[in-house]
Amino acid sequence: KVNSFAHQDELGVRSRSPRWAIAGKLKSQQVTTKILNIEVSLGRTGAVTPVAKLEPVSVGGVVVSNATLHNQDEIDRKDVRIGDTVLIQRAGDVIPEVVKVILEKRQKGSLPFTLPNNCPVCSHEVFRPEGEVVARCQNMECSAQVKGRIDHFVSKGCMDIDGFGTKLVDQLVEKKLMKNVADIYSLSLDQLSELERMAEKSAQNIMDAITASKKSSMARFIHALGIRNVGEHAAKVLEKSFSGNLENLMDAEIEALTAIHEIGGIMAESIVNFFQDDTNKKVIKACLKAGIQFEAVEQIQESEFTGKTFVFTGSLEKFSRKDAQSMVEKLGARASGSVSSKTDYLVAGPGAGSKLMKAEELNISIYSEDEFLELIGK
DNA sequence: GGCCAGGAGCCAAACTCACG
DNA sequence: CGTGAGTTTGGCTCCTGGCC
């Protein structure tokens, strides 16, 4: 914003403006380390994702021992191999990533890495559709997928069942106490107390959390079901379009769905397929029978912010991200995760990084938390 | 003492949608 | 049909407090 040239920051980097100087300071620290192994993990959709296990190394103040490799194409692009010495950094100073392989240090006789053709968990064949990048385990009953779907169902943005963590889910699935998400509602206090690291107190807390979670909303429930291509946002769109009537959504046809703004052909197909499946129908029925209730759909008020886009960044101290999101949604605005030319307001807390810089570049109005609250009249 | 959940922070690639 | 914007999916570490 200021025409000051030949600025020199403390790293000794000559830059043309103060902003560049900031960029210089924020530039991620890059460190070399070794890839000990490449492991494969499975998501709730059966997606096969490779993770590099690193020789632990301190970068930007934390000890990093894992870095995602995304998929086979990424591995090929960077030609990452087990045993390689690699340069890593924390993208945005948070997420560890492999920048590149130091080829001079490559061990003789190393081979390019290829993901397995069979699921590492259930051995079922994995399939990568033509033109797609992600290979998926095709076995719907694969325990990794069952666990993943339950993890997702109980998570914060979904049914939000407090205390229902991954280790608990692992045990429940392995002991065959759960096969699908509806089984949550038939768990008993005794069954829970008998599990490892669980006793009366913890078990009761879980039971209470399950009960509390039954007061929910249609959007949360749709999101929780884990329909492909339908996440938090799409679930809200569907809730609004169907005015909170789940049966109508379940019976909806492709044409009715694509008529909705923000729902296209691919999402419509995923939705129809999901609700046609008999197992899915049974699970939904069981959940509703267990007593899940949807709160009334809130009417949003017209305001000067209707249609505007907010982005929140940095550590927010006056309110949570979720609260911020619901505050702006009540005004008919939306909260997005990334800054673009369509962003109207950026709200930055302390420690904001790349998003703040991008917003400055694009000349987007920047507000502090207090200024934001004042702006929306709170 | 140690395990686990959950909150905080936010990235990258793939993918989808809408629009010119 | 290409493109920009936004969503979805999956990912990483630190730290605290509750409970076994």
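Just so you know, these numbers come straight off a predicted model, no measurement behind them. Reminder, nothing fancy here: chain letters follow the sequence lines and each chain counts from 1.
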Rounding to an integer number of Å, can you tell me how far [X] [atom1] sits from [N] [atom2]?
X        : N      : atom1 : atom2 : result
A:Leu195 : B:dC4  : CG    : C1'   : 14 Å
A:Asp73  : B:dA14 : CG    : P     : 7 Å
A:Glu269 : B:dT16 : CD    : P     : 10 Å
A:Ile263 : C:dT8  : CD1   : P     : 9 Å
A:Phe312 : B:dC10 : CZ    : P     : 13 Å
A:Ile266 : C:dT7  : CD1   : P     : 17 Å
A:Glu74  : C:dG10 : CD    : C1'   : 13 Å
A:Glu232 : B:dC15 : CD    : P     : 22 Å

Can you tell me if [X] touches the phosphate of [N], counting only side-chain N or O atoms and a distance under 4.0 Å to OP1 or OP2?
X        : N      : result
A:Thr166 : B:dA5  : yes
A:Ser202 : C:dG18 : no
A:Arg334 : C:dT7  : yes
A:Thr68  : B:dC11 : no
A:Lys156 : B:dG7  : yes
A:Asn229 : B:dC15 : no

NZ/NE/NH1/NH2 to OD/OE distance under 4.0 Å, [X] and [Y]:
X        : Y        : result
A:Glu329 : A:Lys236 : yes
A:Arg77  : A:Glu74  : yes
A:Asp73  : A:Arg128 : yes
A:Lys147 : A:Glu174 : yes

Answer with base, sugar-phosphate or nothing: what part of the nucleic acid does A:Glu196 contact at a heavy-atom distance below 4.0 Å?
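Since no nucleic acid heavy atom lies under 4.0 Å of A:Glu196, the category is nothing.
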
So which nucleotide from [options] ends up closest to the side chain of [X]?
X        : options                : answer
A:Asn71  : B:dT16, C:dT7, B:dA13  : B:dA13
A:Asn66  : C:dG6, B:dA18, C:dC12  : C:dC12
A:Ser336 : B:dC15, B:dT16, C:dG6  : C:dG6
A:Ala234 : C:dT8, C:dT13, B:dA18  : C:dT8
A:Lys201 : B:dA14, C:dG10, C:dC19 : C:dC19
A:His70  : C:dC20, B:dA12, B:dA18 : B:dA12
A:Glu262 : B:dA18, C:dG10, B:dA5  : B:dA18
A:His233 : C:dT9, B:dA14, C:dT8   : C:dT8

Just checking, any donor-acceptor pair under 3.5 angstrom between side chains of [X] and [Y]?
X       : Y        : answer
A:Gln89 : A:Gln30  : yes
A:Ser41 : A:Thr49  : yes
A:Thr45 : A:Arg136 : yes

Starting from the 5' end of DNA chain C, give me the residue, A:Ala203 or A:His223, whose nearest nucleotide shows up first.
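The residue closer to the strand's 5' end, by nearest nucleotide, is A:His223.
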
First of A:Ser41 and A:Met267 reached from the 5' end of DNA chain C, by closest nucleotide:
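Of the two residues, A:Met267 wins.
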
Heavy-atom nearest nucleotide on DNA chain B for A:Thr258 versus A:Lys78: which residue maps closer to 5'?
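The residue whose closest nucleotide sits nearer the 5' end is A:Lys78.
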
Here's a test of your reading of the structure: between A:Val134 and A:Lys167, which maps to the more 5' nucleotide of DNA chain B?
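The residue mapped nearer the 5' terminus is A:Lys167.
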
